[in-house]
Amino acid sequence: TPTPNTVWVGADGKYEAEPDTAVVQFNISAQEDNLQAANARATKAAEQVRQLLRTNGIEPKQAQVGTFSVQPVYDYKNPKRKLVGYRVETSITIKVKDFSKIGPITQGLADMDITGNQSLNYILEDMDAAKIKAVEDALHRAHEEAGAVARSSGRGLGELSYASVDTYEQPRPRPMMASPMAMRSADAAPAPTEEFGAQKVTVTAHVNAMYNLK
């Protein structure tokens, strides 16, 4: 039911924040004739990853294992579906706060012959400050819209009587497959994304507000 002498408005606001975390994701995949050899190769690769992290000042415990699978590999061209080996595969995620470490890490992973599906995405873990900025923008827009309604009706805009707020992060595109800050040697070709900055994180807010009319 409409409340007399009030104006009800809804407005959207947003704030673009610099990301504070880089998420590097990749797989370790090893295939050999027998399971023992496949496990040994995957274990060796995992130790190489640990050493790469330590070299760049990151504790291996910061890396998170998402999935781990052991699968038989068959030759389907053979009518009897001959077993030809075993594949050991695991997915790993690393969160990095110091963006200067991204280049060496992604390059080191690319140099390993049994790591693949490498991706990089930038996120904002500390969302609170960005949410507040988005809400402030939405409230400012709501106040301006309510003021326009009041002025056009020959009234004055009073104090805020009620407000509800919803905030959310806009969906991000698929992760990039190479670091935009990747480091390279002097004789190496520049990476396709070199010198580009990390994509900003957009936080939006919707405000429903009711103002009194004078």
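Basis for what follows: all heavy atoms, side chains included, without hydrogens, waters or symmetry-related copies. Along the sequence shown, residues are numbered consecutively beginning with 1.
Looking only at side-chain heavy atoms (C-beta outward), Q118 and Q25 stay at 4.5 Å or farther from each other. Counting heavy atoms from C-beta outward, L213 and V149 have side chains that stay 4.5 Å or more apart.
Here the OG1-CZ distance, from T93 to F26, works out to 8.5 Å after rounding to the nearest 0.5 Å. To the nearest 0.5 Å, the span separating CG on D20 from CD on E18 amounts to 10.5 Å.
Y162 is linked by a ring pair (Phe, Tyr, Trp, His ring centres under 6.0 Å) to W8, counting only residues two or more places apart in sequence or in another chain. Among residues two or more places apart in sequence or in another chain, the salt bridge (Lys or Arg N to Asp or Glu O under 4.0 Å) test is passed with R141 by D137. Not counting sequence neighbours, the partners of K97 by the salt bridge (Lys or Arg N to Asp or Glu O under 4.0 Å) test are E125. Remark: N5 pairs with R155 by the side chain to side chain donor-acceptor pair (under 3.5 Å) rule, at least two apart or across chains. Residues satisfying the salt bridge (Lys or Arg N to Asp or Glu O under 4.0 Å) test with E16, not counting sequence neighbours, are none. In this view, D98 and S100 satisfy the side chain to side chain donor-acceptor pair (under 3.5 Å) rule, not counting sequence neighbours. Every residue two or more places apart in sequence or in another chain that forms a side chain to side chain contact (heavy atoms under 4.5 Å, CB included) with Y74 is listed here: P72, Y76, R81, L83. For T55, the side chain to side chain contact (heavy atoms under 4.5 Å, CB included) partners two or more places apart in sequence, or in a different chain, are Q51. In this structure, the side chain to side chain donor-acceptor pair (under 3.5 Å) partners of T67, at least two apart in sequence or on a different chain, are S91. Remark: R87 pairs with no residue by the salt bridge (Lys or Arg N to Asp or Glu O under 4.0 Å) rule, at least two apart or across chains.
Side-chain atoms of N56 never come within 3.5 Å of backbone atoms of P104 as a donor-acceptor pair (strictly under, hydrogens ignored).
Note: Y211 and H143 meet the aromatic proximity criterion, with ring centroids under 6.0 Å apart.
A salt bridge (Lys or Arg N to Asp or Glu O under 4.0 Å) check over residues 34-45, counting only residues at least two apart or in different chains, returns the pairs E32-R41, R41-D113.
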### Query
L35 and V88: side-chain contact (heavy atoms from CB on, under 4.5 Å), yes or no, with the steps?
CA-CA 8 Å; L35 181 57; V88 176; 4.2 Å; yes
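V73 belongs to a hydrophobic cluster whose remaining members, ordered by chain and number, are V84; membership requires side-chain heavy atoms of ILVMFWY residues under 4.5 Å apart, directly or through intermediates.
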